[in-house]
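In the text below, chain A, chain B and the rest are named by the order of the sequence lines, each starting its count at 1. These values consider heavy atoms only, across backbone and side chains, with no hydrogens, waters or symmetry-generated copies.
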Amino acid sequence: MKTVCLYFQVHQPWRLKKYRFFNMGVDHNYLDDMQNRSIMQKVARQCYLPMNALLLKLIKENKGRFRCSFSITGIAMEQMRVYAPEVLDSFKELSATGCVEFLAETYSHSLASLASKEDFAQQVKLHMAALKKELGVKPTAFRNTELIYSDEIGAAVAEMGFRTMLAEGAKHVLGWKSPNFVYANAIDQKLRLLLRNYKLSDDIAFRFSNRGWDQWPLTAEKYASWLASDETPGEVINLFMDYETFGEHQHADTGIFDFMKALPKAVLAKGNGLEFATVSESARKYQPVAVLHCPHTMSWADEERDVTAWLGNELQNEAFSKLYSLKEKVAQLGNPDFDYVWSFLQTSDHFYYMATKWLSDGDVHSYFNPYDSAYDAFINYMNVLSDFMIELDKALEAKVVKALGRSARRK
Amino acid sequence: MRVLMFGWEFPPHIAGGLGTACYGMTRGLARNGVDVTFVVPHAYGDEDQRFTHVLNASDVEALYGSVGSGSDDILDKLSFIRIDSNMVPYISPEEYATYHEQFVKTGQTTWTTTDAWKQRYTFSGKYGANLMEEVARYAVVAAQVARDLEGQFDVIHAHDWLTYYAGIAAKRVSGKPLIVHMHATEYDRTGENVNTQVYAIEKAGMQAADRVMAVSNLTRNIVITKYGIPAGRVVTMHNAVRFAENSSAAPERGVKDKIITFLGRITYQKGPDYFVEAAAKVLKRIPNVRFVMAGSGDMMNHVIRRVARLGIADRFHFTGFLRGEDVHKMFQLSDVYVMPSVSEPFGISPLEAMRSNVPVIISKQSGVAEVLDYAVKVDYWDVDAMADAMAGLIKYPALAGMFASKGLEEVTNLKWNNVAAKIKAVYEEVIAENSNQPK
């Protein structure tokens with residue numbers, strides 16, 4: 001019996017408005033409310049709502065044999081709360097079936113795991129609190145932003161108390177090994193790893209509607225036969241993808257919803273030897289076959305499967321280092337308003353927009369990208385960040401003055 | 001006296017010093033009693049199929065209000081002719097080709113780049129297939145204009161190489177003397193990698209001209225040495241500057257730090273990279289200062305990358321292309337203005353900065369350095385000296401104050417009226433020479 005582990009990533013960044021030099025020091029509203037609202041509502045209409053309804057139907061039809069997992073970033077939940085609360089309700093309904101697991105990650109879909117262990121842990125806590133509040137769930141498995149993973153990051157996640165984590169089944173890390181088994185972290189072997197089968201995942205996420213692909217059109221039966229076949233050996237097949245695949249990246253008229261509708265039945269057909277399980281269930285079910293050594297950071301992005309999509313050029317490195325240089329000051333101030341801005345400025349998408357490698361993965365980079373070029377993205381981000389720095393310094397100064405005044409009065 | 005002038009539209013329609021200079025000059029000439037028929041290229045959308053377009057001067061918008069505003073009589077002295085054309089100042093044959101390609105591909109006849117970071121031109125794909133063809137077509141239309149206006153002008157005056165063929169054509173048709181005005185040479189724009197076609201047109205224009213006016217001694221030398229024009233036919237005619245009567249109220253200043261500004265096209269000619277290097281040096285010594293690079297251009301991405309690599313992007317800001325009120329606002333927000341041009345025939349922007357009470361640092365390789373005393377002058381490549389000057393003007397308010405107040409006085413005395421009087425004298429000279437020639 002092979003286990004099919006379906007996992008969907010739900011995320012929308014807070015997009016920044018066009019913030020000019022002349023706004024600096026004067027205007028402290030950084031977000032493009034109009035754009036954020038219209039994108040959230042469009043994606044809710046085309047993807048979240050119809051797909052959630054479909055999954056709910058499938059779970060009911062298959063009486064608990066169809067199962068899947070999600071992670072929803074904190075700022076995506078925030079946007080649903082203000083612009084499309086019915087999406088949160090539909091996730092709650094899914095959660096109530098007991099067949100859907102929700103995973104923990106950083107609240108703002110940040111790159112904190114690459115910057116600081118403490119911030120990383122804190123942002124995960126924040127996300128768990130949000131999940132508790134919005135969906136009433138307590139996650140036990142973890143996925144990092146864009147499946148960014150290394151031995152060290154895995155150890156940090158284990159330290160936070162998680163027993164399962166997702167990672168990319170990257171060829172350069174796995175070598176001859178198969179992603180279709182459970183692995184263990186090299187530092188803390190209590191942490192089990194599920195590795196994405198990128199070929200089978202991308203057959204749905206990227207190639208589904210590609211008419212140039214020799215397997216087009218992809219039917220649920222054909223796909224299930226691949227999963228069942230001896231060509232796909234192993235114990236657990238991890239199909240991880242963006243939730244926006246359904247209805248957004250693959251538009252409804254490509255037949256993606258029909259494919260999904262037929263998939264559970266095709267997979268669960270007698271003689272296939274396949275079953276569905278959530279992330280934690282899959283990890284518990286099998287013993288790790290080996291330790292996965294991953295000293296260098298990997299991710300699920302681009303052809304390289306590394307972090308160069310976010311930290312690959314001088315623009316991104318500069319923005320990243322300037323952002324995290326504020327860490328102490330933000331902590332020292334301890335003002336929730338500043339913590340909030342600091343949080344959404346960390347969203348990895350801001351750095352993704354500054355990428356200058358536009359070869360095979362250009363399409364993915366330009367999706368939902370509000371900027372004409374990496375340079376525009378950088379200028380805009382730095383203008384916002386510079387204003388934030390000025391305001392942060394002002395607020396810190398005011399705090400110090402106030403504290404001095406208090407201590408002087410006491411004397 | 002009547003002059004047929006091939007010039008460029010006034011701000012805010014187009015950016016850069018060329019339109020501004022044309023505006024100041026025509027006003028000055030009008031004040032000196034010269035009638036100006038002003039011919040400009042102008043890209044229309046599909047709505048206008050007419051060949052040329054004669055306008056009342058008061059219909060023309062300008063940066064400082066309507067041209068006709070005020071009590072003076074320049075309204076009577078100026079008339080406008082617009083010729084349908086794609087030509088915009090400073091356009092290179094390569095840029096023109098890109099636009100035209102887009103037209104051929106999409107069939108779209110007009111478009112404006114609306115990206116706020118970039119410069120905006122209305123551009124129409126209707127006209128010549130490449131820039132050289134367009135220059136030639138413009139000359140044909142110009143010849144027709146000159147024929148139509150026969151007997152209504154005494155001298156022809158053409159600005160920038162794009163209009164030189166028009167000037168030559170008008171001269172051939174009318175037999176009137178021609179003056180070409182060198183605002184920038186191909187050497188200024190591109191360094192040593194000159195476009196030979198552009199060079200050839202510049203040279204042909206100057207050879208056909210009765211006089212060449214150069215905006216500085218620097219430019220005059222280039223004209224003589226690189227184009228081989230006899231020194232006796234080349235006169236230096238420094239630009240002046242004209243300001244709004246009432247400057248608008250100072251904008252709210254959100255940033256407490258001192259601001260050092262670069263404002264101009266971000267191209268090789270303007271030396272933006274030297275500004276960046278100097279900025280990095282200053283930031284090592286003085287923390288509470290910010291740098292702003294206002295403008296756009298082909299070196300912008302290169303400069304952004306360099307700023308990021310130097311790790312100063314939180315104190316070095318880009319505004320994108322600025323126009324109209326935003327330019328004033330930028331000057332008013334500035335504490336020091338820097339023009340580090342590698343090669344600047346004249347350079348009018350430091351004068352605008354001085355007018356806003358901002359002390360300026362200019363490169364010795366700029367024409368404007370010839371007319372200014374109260375400006376810090378450095379070699380463009382000497383980034384240490386540039387950094388020292390920036391730091392000095394920031395750290396010593398007395399120094400900055402002296403440069404600002406004396407500079408304002410100095411710049412207020414650079415009047416187009418005086419320059420126009422000199423231009424008028426040159427007109428008189430060539431008209432006299434022309435009438436003495438046996439027909």
Side-chain angles (χ1 to χ4, degrees), chain A residues 16-30 32 311-326 329 345 350-351 353-358 370-395 397-398, chain B residues 113-118 250-257 259-263 266 280 283 287-334:
Chain A
L16 303 175
K17 70 177 177 189
K18 189 147 267 179
Y19 191 89
R20 305 176 65 211
F21 170 74
F22 295 117
N23 297 49
M24 273 172 57
V26 184
D27 172 10
H28 313 306
N29 298 316
Y30 305 139
D32 190 337
L311 296 173
N313 65 30
E314 54 270 72
L315 308 181
Q316 295 167 315
N317 293 335
E318 165 76 351
F320 187 80
S321 72
K322 284 281 140 65
L323 173 69
Y324 281 99
S325 71
L326 305 179
K329 283 184 181 175
L345 284 178
H350 301 309
F351 300 93
Y353 301 144
M354 300 175 200
T356 43
K357 41 178 221 172
W358 301 97
Y371 300 101
D372 280 355
S373 81
Y375 300 96
D376 291 354
F378 176 74
I379 293 173
N380 211 48
Y381 185 82
M382 288 310 297
N383 284 353
V384 168
L385 189 63
S386 301
D387 181 70
F388 180 67
M389 287 164 113
I390 294 168
E391 290 308 299
L392 185 62
D393 284 337
K394 267 193 218 161
E397 207 174 295
Chain B
T113 52
T114 48
D115 190 318
W117 302 121
K118 296 185 187 85
E252 185 186 349
R253 194 170 171 136
V255 186
K256 269 196 234 153
D257 301 323
I259 293 175
I260 301 181
T261 305
F262 169 106
L263 194 151
I266 306 177
L283 282 169
N288 59 339
V289 50
R290 286 176 191 275
F291 293 83
V292 175
M293 184 167 280
S296 65
D298 57 10
M299 271 181 67
M300 185 162 176
N301 291 353
H302 162 86
V303 171
I304 294 170
R305 278 201 305 275
R306 182 67 188 148
V307 164
R309 197 172 298 148
L310 287 166
I312 55 173
D314 56 331
R315 300 222 150 244
F316 195 111
H317 310 291
F318 295 87
T319 66
F321 180 72
L322 298 183
R323 60 169 51 216
E325 260 316 296
D326 281 346
V327 175
H328 286 292
K329 208 161 140 188
M330 196 62 247
F331 282 129
Q332 285 174 322
L333 288 172
S334 303

Non-hydrogen atoms of [X] and [Y] that approach each other most closely:
{"X": "B:Arg305", "Y": "A:Leu315", "value": "CA-CD2, 4.0 Å"}
{"X": "A:Glu318", "Y": "B:Val307", "value": "OE2-O, 4.5 Å"}
{"X": "B:Ala313", "Y": "A:Ser386", "value": "O-OG, 4.3 Å"}

Any B:Ile304 side-chain heavy atom under 4.5 Å of A:Met382 side chain: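 No, their side chains stay 4.5 Å or more apart.
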
Sub-4.5 Å side-chain heavy-atom contact between B:Asp326 and A:Arg20: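 The answer is yes, as the side chains (C-beta and beyond) meet within the 4.5 Å cut-off.
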
For chain A, the option from B:Arg315, B:Met330, B:Arg253, B:Lys256 that forms the most heavy-atom pairs under 4.5 Å: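 Looking at each of B:Arg315, B:Met330, B:Arg253, B:Lys256 in turn, B:Met330 comes out on top.
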
Interface moiety of B:Arg306 toward chain A, non-hydrogen atoms closer than 4.5 Å: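 For B:Arg306, there is no contact with chain A at all, as no heavy atom is under 4.5 Å.
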
Contacting moiety of B:Leu333, where chain A heavy atoms sit under 4.5 Å: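 For B:Leu333, the contact with chain A is made by the side chain alone.
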
Distance, nearest 0.5 Å, that separates [atom1] of [X] from [atom2] of [Y]:
{"X": "B:Phe316", "Y": "A:Ile379", "atom1": "CZ", "atom2": "CD1", "answer": "10.5 Å"}
{"X": "B:Asn301", "Y": "A:Thr356", "atom1": "CG", "atom2": "OG1", "answer": "10.0 Å"}
{"X": "A:Phe22", "Y": "B:Glu325", "atom1": "CZ", "atom2": "CD", "answer": "10.0 Å"}

A:Met389, part contacting chain B, at a heavy-atom distance under 4.5 Å: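 Side chain only.
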
